[in-house]
2 protein chains.
Amino acid sequence: MDPLTEAQQKLMPEMTELLKKRYQILLTIKMEEPIGRRALSELAGSTEREIRKETDLLRNQQLINARSAGMVVSEQGVAVLDALKDFMRDVSGLIAMEKRLKSLLGISRVLILPQDSDDIPAVKANIGKEAARLLESLFAQHKKIAVTGGSTMAAISKELSSDKKDSTLQFIAARGGLGEDVLHQANTIASSFAGKTGGSVKTLYLPDHLSAEAYEMMMREPVIKEMMNLYDQTDVVVHGIGNAEEIALQRQSSTEEVERIRSGGAVSEAFGYYFDKEGKVVYRIRTAGIQLEQVQKAPAILAVAGGRSKAKAILSYFRNAAPQTVLITDEGAAQQILELTQNREEI
Amino acid sequence: MDPLTEAQQKLMPEMTELLKKRYQILLTIKMEEPIGRRALSELAGSTEREIRKETDLLRNQQLINARSAGMVVSEQGVAVLDALKDFMRDVSGLIAMEKRLKSLLGISRVLILPQDSDDIPAVKANIGKEAARLLESLFAQHKKIAVTGGSTMAAISKELSSDKKDSTLQFIAARGGLGEDVLHQANTIASSFAGKTGGSVKTLYLPDHLSAEAYEMMMREPVIKEMMNLYDQTDVVVHGIGNAEEIALQRQSSTEEVERIRSGGAVSEAFGYYFDKEGKVVYRIRTAGIQLEQVQKAPAILAVAGGRSKAKAILSYFRNAAPQTVLITDEGAAQQILELTQNREEI
DNA sequence: ATGTAATGGGACAAAAAACGTCCAGCTGAA
DNA sequence: TTCAGCTGGACGTTTTTTGTCCCATTACAT
């Protein structure tokens with residue numbers, strides 16, 4: 001870190017926290033504008049008074065404007081956010097954490113965003129935004145993109161820019177409809193991605209839990225075969241990482257399945273695979289979907305998951321993740337991962 | 001100014017003041033160590049509680065240590081002071097002020113130090129310190145240095161480093177004993193300079209107020225003639241700038257003199273010359289001393305004066321000052337000068 | 001057009017923090 | 001040994017911050 005900044009922090013130890021707080025508030029306003037005090041205080045996880053104090057200040061500084069519909073970030077405010085973006089990551093030690101995580105997980109890149117999405121819902125939107133930017137930067141080179149479901153993936157689709165359309169983009173739902181709500185299904189997400197970017201979409205509607213016979217039969221269907229072929233040509237895989245148990249419950253898995261998942265010591269889940277804490281596959285949903293091998297040979301992989309509650313799952317998944325994977329997460333998760341591993345040796 | 005810093009200030013407007021306050025306190029401790037709360041509060045112009053709050057913080061940050069004899073700046077504290085030195089000048093807008101003053105006064109360099117020595121006595125010491133550093137940097141090239149009297153000059157001599165002695169340095173009292181107290185006479189100051197730097201000294205003991213006849217006679221004395229010759233070879237002139245009336249009163253001038261000074265509209269005084277607000281000489285003390293022409297042809301001139309009460313005097317003196325003059329002053333004086341001239345055009 | 005749910009701003013008592021001001025006990029220098 | 005000056009503790013008082021209302025206004029959906 002900049003020695004000047006270090007000296008400033010020595011002389012003003014309260015600076016970092018204050019800066020982080022205000023920056024986060026300003027950022028949240030930006031993302032949700034126009035927004036009122038009360039809604040903002042829920043989103044930011046602070047009391048209304050606290051929000052009020054800070055927004056009063058931000059208004060005095062002309063970083064936000066208060067309209068009757070809510071508060072809006074001013075032009076100056078956007079400039080401030082932009083100027084401080086990298087600095088905030090540095091001052092929060094995020095850059096240092098990224099380096100440590102990178103070597104710990106053995107992957108090419110880690111992107112950590114401020115705060116903890118477990119505490120502050122708006123952080124998830126921020127993760128989504130940065131993941132979206134990163135993904136967009138890949139569009140020039142990579143056209144076939146497989147996407148999974150989940151609320152994190154939904155956050156990404158929300159933040160995809162719909163400015164420059166590219167009809168050559170092809171989005172592929174990485175799996176059939178999960179037992180989850182429609183909004184967070186891979187199919188829905190893939191469609192949303194396509195809609196935002198102007199690309200086309202290939203969806204796959206298929207029950208999650210098939211009997212062995214039905215599964216075999218489906219696999220021979222031409223539509224499904226074509227889909228499986230597409231998976232082979234995937235350029236980018238974008239997926240979330242879930243906690244094994246949570247996902248299993250969400251999916252209304254059979255007791256037998258839950259038992260296998262549990263006894264196998266499953267910790268994490270991604271694109272239908274369950275991994276134990278050593279990163280070994282202990283179970284996989286029997287449905288049509290992208291194969292682990294297909295994911296691992298993809299030129300680019302974005303794994304997106306935030307919140308300290310996901311730390312164990314992330315760690316589990318990355319035990320055997322492909323080295324070209326990029327992890328996009330938040331401070332809460334990153335901190336928790338580093339705490340969990342501080343006693344162990346390197347992987 | 002750095003756009004990052006600007007953004008920080010937008011988000012934390014209280015930062016600047018807080019930083020300045022703490023920096024100043026730390027700096028004052030450094031200059032006066034070991035020092036106690038009460039002495040420090042007087043020097044810094046704050047209440048004891050205020051000082052206590054801040055020093056408690058500084059101690060927690062391990063920037064100072066509290067011994068029974070008083071507070072002392074730690075190694076880390078010195079590092080912080082050093083790292084922040086330039087930044088503080090920038091953040092206070094001092095660098096911008098220096099530029100404006102430079103062009104306003106038509107001289108080559110202006111050095112402005114934080115705060116106002118009218119309010120905080122310690123600032124004078126800081127001015128002295130920086131003037132001393134600047135002067136020392138000239139020692140390599142310039143050996144014959146003429147110095148005047150005054151409390152500001154005394155502050156410089158206090159801060160001259162006595163580390164590396166240089167016996168080739170030659171200090172010359174720019175004038176005979178002024179009516180002032182011995183401690184602040186040019187002779188005393190010159191001796192002090194010589195003592196600190198290891199150089200030699202030429203002093204000039206002569207009453208300030210001579211009759212015309214006595215003056216003529218003294219001027220023919222060999223000792224005096226030699227002195228006047230020395231003035232001709234001066235490499236550096238270091239002098240303060242005073243308020244004309246104050247100086248006149250200090251010098252117990254005759255009523256006739258005071259009348260001439262007053263009616264002439266004298267505003268400033270330097271090395272025995274009185275200047276009106278247009279920078280014209282309206283009177284000069286009739287005693288042996290360096291001539292205005294000799295000052296102006298010196299390769300280097302340091303004019304040192306601080307405090308907003310000196311603003312008018314500084315402005316007056318610089319109406320006709322040599323362009324190679326360097327002004328060393330403080331924020332208070334600089335601000336006042338700029339306010340005084342903001343309505344007028346450039347000189 | 002109309003009702004509703006959100007907004008910012010005003011207000012105020014309660015709680016917390018900061019402040020001014022002492023004092024005790026210690027230490028180093030005279 | 002005395003004494004001045006120091007730190008750290010203490011505490012009642014003042015000031016600021018905080019939690020929590022209400023209210024007029026406005027955008028928006030019905």
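Chain identifiers are assigned alphabetically (A, B, ...) following the order of the sequence lines, protein sequences preceding nucleic acid strands; residue numbering begins at 1 within each chain.
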Protein-to-nucleotide contact annotation, 5' to 3' order, nucleotides 23-30 of chain D [B base; S sugar-phosphate only; - none; under 4.0 Å, heavy atom]: ---SS---
When you measure only distances, ignoring hydrogens and angles, does the side chain of B:Arg37 come within 3.5 Å of the base of D:dG8 through a donor and an acceptor? yes
Would you kindly give the CG-to-P distance between A:Leu58 and C:dG9, to the nearest whole Å? 13 Å
Backbone N or O of A:Pro114 within a donor-acceptor pair of the A:Asp330 side chain at under 3.5 Å? no
Is it true that A:Asp56 and A:Lys53 make a salt bridge, defined as a side-chain N closer than 4.0 Å to a carboxylate O? no
d(CD1, A:Ile35; C1', C:dG8) in whole Å: 14 Å
Any N or O donor-acceptor pair under 3.5 Å from the base of D:dG9 to the side chain of B:Arg52? yes
Any side-chain heavy atom of B:Ile64 sitting closer than 4.5 Å to one from B:Val72? no
According to a strict under-4.0 Å criterion, is A:Lys53 in side-chain N/O contact with OP1 or OP2 of D:dT18? yes
Whole Å only: how far is the CD1 atom of B:Ile51 from the P atom of D:dT7? 11 Å
Whole angstrom is fine here: how far is it from CZ in A:Arg49 over to P in C:dG10? 12 Å
Result block: side-chain N/O donor-acceptor pairs under 3.5 angstrom for residues 11-20 of chain A, not counting sequence neighbours:
| residue | atom | partner | partner atom | Å |
| --- | --- | --- | --- | --- |
| A:Glu14 | OE1 | B:Arg22 | NH1 | 3.4 |
| A:Glu14 | OE2 | B:Arg22 | NH1 | 3.4 |
| A:Glu14 | OE2 | B:Arg22 | NH2 | 3.0 |
| A:Thr16 | OG1 | A:Gln9 | NE2 | 3.3 |
| A:Lys20 | NZ | A:Glu331 | OE2 | 3.4 |

I need the CG-C1' distance between A:Asn65 and C:dG9, as an integer number of Å. 16 Å
What is the distance from CD of B:Glu48 to P of C:dC23, rounded to the nearest Å? 13 Å
Does a nitrogen or oxygen in the side chain of B:Arg59 sit under 4.0 Å from OP1 or OP2 of D:dG8? yes
Is B:Lys124 close to B:Ser151 at the side-chain level, that is, under 4.5 Å between some pair of heavy atoms? yes
Mind checking A:Thr55 for me? I need base, sugar-phosphate or nothing, with any heavy atom below 4.0 Å counting as a touch. nothing
Of the candidate nucleotides C:dG9, C:dT7, D:dG19, which contains the atom at the shortest distance from the side chain of A:Ala66? C:dG9
Mind calculating the distance between CG (A:Asp56) and P (C:dA11) to the nearest angstrom? 14 Å
Using a strict threshold of under 4.0 Å (side-chain N to carboxylate O), is an ion pair present between A:Glu130 and A:Lys85? yes
Length of the line joining B:Ile64:CD1 and D:dG8:P, which is rounded to integer Å: 9 Å
For the NZ atom on A:Lys21, are there more than 12 heavy atoms of other groups (residues, nucleotides or ligands in this structure) within a distance under 6.0 Å? yes
